[in-house]
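Residue numbering restarts at 1 for every chain, and letters A, B, ... go by the order of the sequence lines.
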Protein chains: 2
Amino acid sequence: MKLSTKGRYGIKAMVDIAMEYGTGRLSVNQLAEKQGVSVAYLEQLIAALKKAGLVTSTRGASGGYTLSRPPEEISMREVLTALEGSTAIVDCVGTEMGQSCENACSCSARPLWLKLQRRIDDVLQSTTIKDMADDYRIQQERNDNGNETSIS
Amino acid sequence: MKLSTKGRYGIKAMVDIAMEYGTGRLSVNQLAEKQGVSVAYLEQLIAALKKAGLVTSTRGASGGYTLSRPPEEISMREVLTALEGSTAIVDCVGTEMGQSCENACSCSARPLWLKLQRRIDDVLQSTTIKDMADDYRIQQERNDNGNETSIS
DNA sequence: ATATATCCTACTATTTTACTTGGAATTGTT
DNA sequence: AACAATTCCAAGTAAAATAGTAGGATATAT
C-alpha cells in the first residue's frame, strides 16, 4: 500500500511551488535541485499537475511554474489524484464510474475498504496545500533556530 | 497507493477461516475455490499468516487451517502486516526501527504522511476479524432474503 | 496403502515503476 | 538576429515488484 515516487516527489514539488505563491515562479531545474531528483523525471510529474490544472506554466527563459489557484483552495486530494490517477486503495472503491466490482455486495472485505478509503480521503480533502506550506515554514524556522544556537 | 492481491486475497481468506471458528477448519483447496484463486498462490499467502501466528494448521487428510486466537483478538492491522510486511504508506513513517528518513526533520511532506498513517492504523487496529465476520454474516443474510423475494 | 493435506523452495511471466533520451516550440536577454 | 533558458512532448529502456507456476517432500486420517 505504498505511495510511489510520483506522489512523493510531486507533492514536495507542489509545496515548493506554493512557497513562492504571490512572489514568483520556480523552474523544473530549481525544483529538481531542491529534491535531488532528475530534471527529466520531475518534468513528467509536473506535467501531470499542469494537466490537472493545478499549476500554470510560463515558457521560455526565466519561465517556470506557479499555482493556478490560491494554496488554500487546493486540497491534497486533488494533488494526489493528479499525480497517481486516484486515491483509491482498491479499484472497487474508486470514485470513477464503472469501478465497482461485480462481487461488491458479496465481498467480505469491502466494508473495510470503504472505511479505510473514507478516512484517507477525509485527511486528503481537509488538508490544503496552504496547510502544508505553513507547516513547512514553521518547521524550517525551528531548524534554523536550532542550528544557530548549536553553532554559537 | 493500491493494495496488492496478497492483502486482498489474504484478508478474504482470513475472514473465511474466521467463519468456521469454533466449528471446524478449511483447507487451502476450499479457500481457493471460494475465491476463484489458484491453490498454489493462496498457499503462499496462508503461509505468511501462519508464520505470523494468526492461523494454526493441521496436516494430512482432512487437515486445514483455523484461527489460532479468538477472532475478536485479531486486528486487521496484524493481518495486513502479516500479508504485506507493513501497513506503512511510505517507508519513512514505518514503525520498524531504522525506517525514519534522514531528511525527516526537513521534509515538507512528512506531516501529511504521519496524519494519513495514524488514521489508517486507527481503522486497522480497531477493526477485528470478528467485526469482519459479523458484517459478512449480516451481508449474506441480506443477500439471501433479497434473492428469495425476487424469485418468488 | 492411499488419498488428502500441509510445507517448502525455486523458477517464470507480467506489470508497474522509475527513470532516460532526443528533440521541437517558446520567450527573455544581449 | 542570435542565443540561452526554458516548457513541452513522445518514445524507449532498465529495474523492481507483483502475481503467479511447478515440483516435490512430509504428515496423517481412513
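- Every salt bridge (Lys or Arg N to Asp or Glu O under 4.0 Å) that A/Asp121 has, sequence neighbours left out, goes to A/Arg77.
- When hydrophobic clusters are built by joining Ile, Leu, Val, Met, Phe, Trp and Tyr residues whose side-chain heavy atoms come closer than 4.5 Å, directly or via intermediates, B/Met14 is not grouped with B/Ile138.
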B/S/- contact track for nucleotides 24-30 of chain C, protein heavy atom under 4.0 Å: -BBBS--

Verdict with supporting geometry, B/Arg119 and A/Arg118, side-chain contact (heavy atoms from CB on, under 4.5 Å): CA-CA 10 Å; B/Arg119 298 304 184 91; A/Arg118 190 151 358 111; over 6 Å; no

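- Of the residues in residues 38-50 of chain A, those lying under 4.0 Å from DNA chain D by heavy-atom distance are A/Glu43, A/Gln44, A/Lys50.
- Listed by residue number, A/Ser27, A/Val28 are the residues of residues 6-32 of chain A with a heavy-atom contact under 4.0 Å to DNA chain D.
- By the side chain to side chain contact (heavy atoms under 4.5 Å, CB included) test, B/Glu33 is found to be paired with no residue, residues two or more places apart in sequence or in another chain being considered.
- Legend: side chain to side chain donor-acceptor pair (under 3.5 Å) pairs involving residues 7-23 of chain B, not counting sequence neighbours: none detected.
- For B/Glu33 and C/dT4, the CD to P distance is 14 Å, given to the nearest whole Å.
- In this structure B/Thr128 satisfies the side chain to side chain donor-acceptor pair (under 3.5 Å) test together with B/Asp131, sequence neighbours excluded.
- Heavy atoms of other residues, nucleotides or ligands lying less than 6.0 angstrom from NZ of B/Lys2 number more than 12.
- Taking every nucleotide of DNA chain D with any atom under 4.0 Å from a non-hydrogen atom of chain A, the first and last of them, 5' to 3', are D/dA5 to D/dA11.
- Not a single side chain to side chain donor-acceptor pair (under 3.5 Å) links B/Ser75 to another residue, sequence neighbours left out.
- Annotation: side chain to side chain contact (heavy atoms under 4.5 Å, CB included) contacts of B/Ser4 (sequence neighbours excluded): B/Lys6, B/Glu84.
- For A/Lys50, the side chain to side chain donor-acceptor pair (under 3.5 Å) partners are A/Ser57, not counting sequence neighbours.
- Using a 4.5 Å heavy-atom cutoff, the side chains of B/Tyr65 and B/Val55 are in contact.
- Here side chain to side chain donor-acceptor pair (under 3.5 Å) pairs that include residues 35-48 of chain B, with residues two or more places apart or in two chains, are B/Thr5-B/Tyr41.
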